[in-house]
Amino acid sequence: MNILKYLLIFIPISFVGEFMHFPPTLMFILAALSIIPLAGLMGEATEEISFYTGPKIGGFLNATFGNATELIISFFALKAGLFDVVKSSIAGSVIGNILLVLGASMLFGGIKHKNQTFNKKVVEVSSSMLLFAVIGLCIPAVFTHTIDPSLLNTKYEGLSVVVAIIMFTIYILSLVFSFFTHKDIYSINHSDDEGSAKWTLKKSIIVLALATIFIAIESEFLVSGIDSLTKTLGLSEFFVGIILIPIIGNAAEHSTAIVMAMKDKMDVSVEIAIGSSLQIILFVAPVLIFLSLLFTPMSIVFNPFELVSLIFAVLIVNRVASDGESNWLEGVQLLSVYFIIAAGFFIL
Amino acid sequence: MNILKYLLIFIPISFVGEFMHFPPTLMFILAALSIIPLAGLMGEATEEISFYTGPKIGGFLNATFGNATELIISFFALKAGLFDVVKSSIAGSVIGNILLVLGASMLFGGIKHKNQTFNKKVVEVSSSMLLFAVIGLCIPAVFTHTIDPSLLNTKYEGLSVVVAIIMFTIYILSLVFSFFTHKDIYSINHSDDEGSAKWTLKKSIIVLALATIFIAIESEFLVSGIDSLTKTLGLSEFFVGIILIPIIGNAAEHSTAIVMAMKDKMDVSVEIAIGSSLQIILFVAPVLIFLSLLFTPMSIVFNPFELVSLIFAVLIVNRVASDGESNWLEGVQLLSVYFIIAAGFFIL
Amino acid sequence: MNILKYLLIFIPISFVGEFMHFPPTLMFILAALSIIPLAGLMGEATEEISFYTGPKIGGFLNATFGNATELIISFFALKAGLFDVVKSSIAGSVIGNILLVLGASMLFGGIKHKNQTFNKKVVEVSSSMLLFAVIGLCIPAVFTHTIDPSLLNTKYEGLSVVVAIIMFTIYILSLVFSFFTHKDIYSINHSDDEGSAKWTLKKSIIVLALATIFIAIESEFLVSGIDSLTKTLGLSEFFVGIILIPIIGNAAEHSTAIVMAMKDKMDVSVEIAIGSSLQIILFVAPVLIFLSLLFTPMSIVFNPFELVSLIFAVLIVNRVASDGESNWLEGVQLLSVYFIIAAGFFIL
């Protein structure tokens with residue numbers, strides 16, 4: 001996070017750019033560079049607040065604000081009617097968390113430590129949850145792509161809302177599970193050796209509020225640059241959604257996962273990658289579908305390649321999880337699959 | 001089973017209905033309500049007979065009569081030329097056993113008991129068998145849907161018969177495996193603490209015979225109501241096949257699985273769900289294909305959505321099995337996937 | 001290997017046939033029968049050379065020459081422009097290794113030994129590597145088959161080259177992994193109880209050189225017979241590529257796997273099957289793509305059925321591996337899936 005903080009300088013630059021009507025592609029880049037440290041600050045502030053609220057509310061705050069950046073970016077993309085970008089970025093976040101973040105963590109961690117182990121038990125719980133969640137989320141898409149279009153009727157669009165309600169319910173129930181009925185499973189990980197609060201509660205809340213406001217402003221800059229970016233650089237909207245936005249929204253979190261792996265805390269890295277993916281599916285995706293009802297209803301129908309990539313990613317993470325061990329070669333392999341997918345979308 | 005027995009009252013009502021020409025949709029409902037307790041009685045009678053025949057023949061009888069109800073219903077649907085209903089009900093039984101039965105068992109069992117465990121070793125054997133069986137069964141469909149139609153020739157329909165012969169052979173070999181070469185693996189489960197016979201052998205045989213006869217009659221009522229049901233209620237044949245028929249045919253067995261889970265005998269619940277799915281694929285499906293040769297040959301080509309749902313279900317059960325543990329949240333997730341699939345077919 | 005050696009008699013017969021202009025289908029059969037023992041000799045010679053070079057270079061030689069026969073056959077098929085045959089034979093080798101070789105090993109081994117175990121730890125490393133490799137290899141095909149053709153541009157063909165470079169890099173890195181950074185994992189298996197060299201180094205090198213030359217000649221006979229074979233026997237090029245060529249190229253290696261399983265060295269059998277599959281994907285496939293750049297660039301786009309079969313095979317092997325045990329029924333099931341796939345291609 002320390003180095004990333006220097007990127008905050010791009011916030012004033014992007015404001016200057018907005019007033020001086022910089023070209024939209026440049027605005028996209030400036031906004032992207034501003035959002036990266038802001039997302040990091042937001043995460044830090046949330047963690048600081050947890051010290052004052054106690055683990056239960058803190059865990060809830062973390063679970064809710066953990067992907068707030070992506071939610072805000074996607075909200076503005078939704079408002080702008082960029083449904084393909086929104087859907088791609090949901091798929092891309094899951095794929096990126098599993099292949100890019102986990103892969104990089106295993107590679108860099110594995111270079112420093114020959115074999116790294118993680119708590120198989122905990123990881124298996126969340127990785128099978130992820131399998132079920134991804135399958136549930138993908139069913140409307142499978143349905144749409146495999147059923148004869150003439151059989152689909154108008155009621156059909158409601159399926160996305162049904163899925164969103166079910167996913168959100170599971171999200172609420174999973175909080176009940178982790179903070180009430182089965183809190184003992186998770187207590188092992190959230191050890192108290194992380195020290196005490198660095199900031200006062202007041203400072204933490206102010207930082208959180210400011211970060212949220214600036215992320216919202218920069219997200220608007222970012223989204224308004226997408227159209228120009230795809231045209232001038234010849235990138236597809238899919239590439240922007242599946243590769244760029246997830247990296248921008250998660251860079252801070254990603255760097256934490258890699259740093260943790262290098263400190264041989266592979267448990268934390270794996271939890272960040274899988275936990276973040278779960279939040280995207282169970283919280284961000286349904287909230288976006290609900291929000292879309294205010295504008296134009298968005299269906300959660302992924303295109304077939306996003307679909308297959310999601311299924312592949314989730315099969316891979318389940319394989320990795322049932323292993324309980326990692327090494328640098330496994331990291332290289334996860335990254336390879338990520339780069340092949342990215343290359344596919346890049347040349348589209 | 002106790003409460004379900006009261007449903008036997010619907011048998012005479014359905015007979016009255018038949019003579020008084022009740023509307024076919026009502027006849028479907030009456031027949032469905034009659035079949036539920038009859039299937040339960042058939043299962044009970046088979047179990048009673050096992051006490052007299054000893055475990056080997058008893059095991060064989062259970063394996064053969066365990067899905068007799070579905071076989072009978074499907075036979076009449078086959079005779080009526082409702083191939084889509086028959087194929088959907090094969091897929092639906094597997095999906096229902098894994099997602100609905102296992103999900104409900106884990107949810108209700110998990111509400112009473114915080115964490116439930118089951119014998120990983122035994123479950124892994126049957127869940128990997130199920131993986132192989134589902135993959136084998138799905139290959140003709142994958143073939144049909146992925147190969148350029150112009151390449152397919154007439155000999156192609158024979159593939160379903162080849163698959164049926166192979167599946168049936170594996171069924172016979174799996175009986176050899178469990179009752180001869182590897183009987184020790186299974187002996188752990190079928191403990192003798194289930195007490196002794198409640199009925200005499202004669203009574204058991206009479207009940208079995210009567211239940212079979214009445215199931216056959218009610219199945220004919222049921223099948224002749226399908227056409228009217230789909231028209232008046234606007235349901236698709238797929239919904240009837242994939243959701244309704246499997247629930248009707250298996251309700252008794254399903255309630256046993258849930259009761260066992262609540263008694264913390266998760267082993268038995270998992271075995272019912274996976275074992276029943278295996279019997280559907282290795283015994284019911286091939287027998288139906290063989291029987292169809294008497295009328296119009298039925299190919300075992302699932303539609304793409306049934307195919308994907310089957311593969312998803314089997315991936316989920318393999319994930320669940322390799323865990324060896326369950327809790328209420330896992331149950332909720334399995335049920336969620338089931339409801340999303342059902343919602344998809346419902347709005348079709 | 002002993003019995004297979006008698007097949008060497010078909011080398012002179014095939015030469016006579018070439019001069020006397022035997023019909024091409026007969027030449028295909030003669031060449032096939034000659035290649036089987038030659039591939040065996042090549043493997044034997046490579047192993048003998050390892051005794052002199054020490055384990056590191058020996059391991060590298062084994063990894064490189066292990067699939068030399070397939071590489072040579074595919075090279076001539078490539079030169080003849082039979083891209084479908086080449087791609088099918090890559091998919092077919094993986095499918096054959098996993099379903100046919102592993103299935104036969106488990107069946108024959110399981111008949112002699114009730115339950116066979118293998119080192120789960122080692123097998124899990126290679127089976128998850130195989131999962132990642134197959135997924136990476138399949139992405140271009142998934143991409144091609146799922147994306148709207150109008151979106152694909154000409155740069156798109158470069159994706160196969162990107163994949164080939166990434167796969168080949170992983171191959172090199174996996175050698176670094178097994179011979180340098182993590183050599184201890186593998187040391188357990190390559191025990192020295194295999195005795196000492198039977199042949200002198202000079203003899204080994206001469207046998208290797210001669211076997212390579214004759215395989216090259218016979219491969220040219222074989223490939224020139226494919227066209228006639230598909231026409232006279234009515235077989236599809238896919239059947240030749242996916243079933244026949246992998247069996248011809250791997251027969252010797254396959255018989256070793258089965259013999260090892262019968263000696264209750266299931267570890268070795270599983271390693272041959274998975275290791276050979278990995279070499280095909282990480283070494284043979286990229287080398288063929290590179291070589292194709294000399295003639296007409298070949299894309300690594302499998303047809304959908306090859307794709308699904310590959311994914312199925314890799315799911316099955318991962319299931320098998322996480323088990324750590326095998327028995328005859330598991331063998332029967334793997335073989336059944338293989339025969340259903342083969343039947344599908346046969347009737348095409």
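Order of the sequence lines sets the chain letters (A, B, ...), proteins ahead of strands, with each chain counted from 1. Source: prediction; values computed, not measured.
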* Let me see the working for A:Leu329 and C:Ser174 under side chain to side chain contact (heavy atoms under 4.5 Å, CB included), right down to the final yes or no. => CA-CA 7 Å; A:Leu329 187 60; C:Ser174 74; 4.0 Å; yes
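- Only the side chain of A:Val308 comes within less than 4.5 Å of a heavy atom in chain C; its backbone stays farther off.
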* **Stepwise side chain to side chain contact (heavy atoms under 4.5 Å, CB included) check, C:Val125 with A:Glu325** => CA-CA 10 Å; C:Val125 171; A:Glu325 275 196 8; over 6 Å; no
* Could you give me the CA-CA distance, side-chain angles and deciding distance for C:Phe177 and A:Asn327, then say whether side chain to side chain contact (heavy atoms under 4.5 Å, CB included) is met? => CA-CA 10 Å; C:Phe177 182 83; A:Asn327 55 56; 3.5 Å; yes
* Verdict with reasoning, C:His182 to A:Asn115, per side chain to side chain contact (heavy atoms under 4.5 Å, CB included) -> CA-CA 9 Å; C:His182 287 67; A:Asn115 288 304; 3.5 Å; yes
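- Contact record, C:Leu159 with A:Ala343: CD1-CB, 3.7 Å, taken as the closest heavy-atom pair.
- Within 6.0 Å of NZ in A:Lys120 there are more than 12 heavy atoms belonging to other residues, nucleotides or ligands.
- Chain C forms the most heavy-atom pairs under 4.5 Å with one residue out of A:Ile341, A:Ile340, A:Asn303, and that residue is A:Ile340.
- Counting non-hydrogen atoms of neighbouring residues, nucleotides and ligands closer than 6.0 angstrom, the NZ atom of A:Lys114 exceeds 12 such neighbours.
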Please set out all donor-acceptor pairs under 3.5 angstrom arising from side-chain atoms of residues 161-168 of chain C, sequence neighbours excluded.
none

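- Ranked by non-hydrogen atom pairs under 4.5 Å with chain A, the options C:Leu173, C:Leu137, C:Ile170 are led by C:Leu173.
- For the atom pair A:Leu99 CG and C:Phe132 CZ, the distance stands at 9.0 Å (nearest 0.5 Å).
- Of all residues in residues 312-319 of chain C, those placing a non-hydrogen atom less than 4.5 angstrom from a non-hydrogen atom of chain A are C:Leu315, C:Asn318.
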